[in-house]
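Since this is a predicted model, take the numbers as computed values, not measurements. Lettering follows sequence order; numbering is per chain, from 1.
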Number of protein chains: 2
Amino acid sequence: MSKTMEKGLQLLDLFTEEKHSWTLDEISTHAEMPKPTAYRMLRSLVNVGFLQRTLLEKNGKIIESDNYVLGLKLLQLGGRVASALEIREIAFPYMKQLQSEINEAVQLVTRDNENGIYIEKVESTRPVRLYTRIGRQAPLYAGACTRTLLSYLPDDEITEILKNPIKNYASHTPKTVEDVWALIHKTRQEGFAYSHSELEEGTVSIATPIFNHRGEVQYSISIAGFPVSLPIENVKKFVVPLWKVASIISKKLGYNDPYPYGDNITKIS
Amino acid sequence: MSKTMEKGLQLLDLFTEEKHSWTLDEISTHAEMPKPTAYRMLRSLVNVGFLQRTLLEKNGKIIESDNYVLGLKLLQLGGRVASALEIREIAFPYMKQLQSEINEAVQLVTRDNENGIYIEKVESTRPVRLYTRIGRQAPLYAGACTRTLLSYLPDDEITEILKNPIKNYASHTPKTVEDVWALIHKTRQEGFAYSHSELEEGTVSIATPIFNHRGEVQYSISIAGFPVSLPIENVKKFVVPLWKVASIISKKLGYNDPYPYGDNITKIS
DNA sequence: TAAGAGATTTCATTATTTGAAACGCGATTT
DNA sequence: AAATCGCGTTTCAAATAATGAAATCTCTTA
């Protein structure tokens, strides 16, 4: 529709965790865009606060360098997205509660097309703790939280999503489409997902599905930490409170069926 | 530079906390943009994930409604901005430490042109607690944290900023430019700012300046909560640890002079 | 001091954006 | 059931903005 805008906004995707600072030349090369075109678009993105040029000290004077980084405007807009998500208000108290019972990081994830995205977190207070970030993206096939989202999609949609290449993030990242399907079936049957070193080496997470009023799994909630505190042998100890919380949140989202796992714990609370 | 893009991105500013959902017609009217133009821009913003159309249930079928809201892409990009801010990594452990000593919300703010913006927070664990949001904006003249940023700017820059109208947020929001200047002088002299019901009725915050390697106050750190736990009479009890933390963070940012308040506490720690 | 690297500007050409008007379509009214 | 209304969407010729090769500027480096 508006080619110019779409082209310009694609440039923001270059700014990742791994490389958060770019020069005009790099951008022009990488985006295969003539330099003057890239130049003008970058300027506009700076004008609206989506990018900013880093500051540089030059014999006492402070000047703008030729390096662009993401601007604070995006932080602001990101915050507004977050605050508009009703689920966060609903889920946050329960996430806090889980965290205080278990003292591990608790995370809430939803799906954005072919990726999971972390929309809320509560941190553990342990001295060594896992740090995830709101807004972080992860593929649907790796990690307990995201795989939970994947597992409850219709089969044909899963098939479609799994046509994308499977990247290897850590030692236990599933390697093939078959691996992923096996894990999906396991998740569906057990009602939770467990992951160990799938997205990040040495981290573990346990996730359960949250259903919306249409009975779709729109969110998943997980506990994440390290193998010492979350060993697979003890998994039930963590899954049961997760089911409990997931079932309450599901109900608050308008899910009317009994939560299908954990012996319909909803009634207890 | 790129008129089209700038015009299109301005539309995102309509999506605020107060009104986070807009129809084409509303946008066209509000932005004074012909409907087909707005239409095409909105479509493009949806294409890149900056906006999304809310879903609607229509006799069993799920369709896209004509309401636009901010998209998850912005959450993602916002997270990336945050992670690129070196200060957060530096400050976060000390913020945690403050929080565990005092058990009130701790916040880190920086300036984005004429506004303050919250870039990190640690929450209190009290049952009733203040909730601020990363990415939240606040004017520089109201609230302890932002006023601290304002107070250490050069006078002419302050004068410039105070040419903007002063809005009234709560019962103790400063009303006039003179009010603000009086508070600025107080802040400069005392080395901290105290606010009570300036931005939000019934909340209190206490803030101290963080200096960068150029000796500018680039950030401020604050404790925020309610009057019962943060009474003005006890302010020193909170200011001293804030100075201590602010001085350590300043040093880590390359500030080489002794921190000018709290009897140069840096040496103690 | 010259050469090099990268950012900016120029300007004629080309492609995109523009918006009034028409159309489509479901909801509401007659 | 037909007519009307309210909005979203499409059309299309005119107007505008984007484009990019080449020139220029501005530091940095040899």
Could you state the [atom1]-[atom2] distance from [X] to [N], rounded to the nearest angstrom?
{"X": "A/L24", "N": "C/dA5", "atom1": "CG", "atom2": "P", "answer": "16 Å"}
{"X": "A/D66", "N": "D/dT26", "atom1": "CG", "atom2": "C1'", "answer": "10 Å"}
{"X": "A/N67", "N": "C/dA7", "atom1": "CG", "atom2": "P", "answer": "9 Å"}
{"X": "A/Y68", "N": "C/dT8", "atom1": "OH", "atom2": "C1'", "answer": "10 Å"}
{"X": "A/R53", "N": "C/dT8", "atom1": "CZ", "atom2": "C1'", "answer": "10 Å"}
{"X": "B/E26", "N": "D/dC7", "atom1": "CD", "atom2": "C1'", "answer": "12 Å"}
{"X": "B/L42", "N": "D/dG8", "atom1": "CG", "atom2": "P", "answer": "10 Å"}
{"X": "A/E6", "N": "C/dT16", "atom1": "CD", "atom2": "P", "answer": "12 Å"}

Under the ring-ring contact (aromatic ring centres under 6.0 Å, His included) test, residues paired with B/H213 that sit two or more places apart:
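Per chain and number, B/H213 pairs via ring-ring contact (aromatic ring centres under 6.0 Å, His included) with no residue.
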Pairwise side-chain hydrogen bond (donor to acceptor under 3.5 Å, both in side chains) hits with a residue in residues 140-151 of chain B, at least two apart
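Of all non-adjacent pairs touching residues 140-151 of chain B, those that pass side-chain hydrogen bond (donor to acceptor under 3.5 Å, both in side chains) are B/R147-B/E198.
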Are any non-hydrogen side-chain atoms of A/R80 and B/R136 less than 4.5 angstrom apart?
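With C-beta onward as the side chain, the pair stays apart.
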Nucleotide by nucleotide, nucleotides 18-23 of chain D touches protein heavy atoms under 4.0 Å in the pattern (B base, S sugar-phosphate only, - none) SBBBB-
Does the pair [X]/[Y] count as a salt bridge with the N-to-O cut at 4.0 Å?
{"X": "B/R111", "Y": "B/E216", "answer": "no"}
{"X": "B/E6", "Y": "A/R43", "answer": "no"}
{"X": "B/K73", "Y": "A/D13", "answer": "yes"}

Ignoring hydrogens and geometry beyond distance, is the side chain of A/K35 in donor-acceptor contact with the base of C/dG6 at under 3.5 Å?
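Per atom types, no contact qualifies.
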side-chain contact (heavy atoms from CB on, under 4.5 Å) involving A/T4 - partner list, sequence neighbours excluded
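Testing A/T4 for side-chain contact (heavy atoms from CB on, under 4.5 Å), a comparison that skips the adjacent residues, returns A/M41, B/S2, B/T4.
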side-chain contact (heavy atoms from CB on, under 4.5 Å) with B/E18: which residues, sequence neighbours excluded?
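Residues passing side-chain contact (heavy atoms from CB on, under 4.5 Å) with B/E18: B/T16.
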Taking the minimum atom-to-atom distance to the side chain of B/D25, which one of C/dT8, C/dA7, D/dC7 wins?
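Nearest to the side-chain atoms of B/D25, counting from C-beta on, is D/dC7.
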Side chain B/R53, main chain B/N67, donor-acceptor under 3.5 Å:
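Checking the backbone N and O of B/N67 against the side chain of B/R53, no donor-acceptor pair under 3.5 Å is found.
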If the helix axis at each end comes from five base pairs, how far does the helix from C/dT1-D/dA30 to C/dT30-D/dA1 deviate from straight, to 10°?
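Rounded to the nearest 10 degrees, the bend comes out at 30°.
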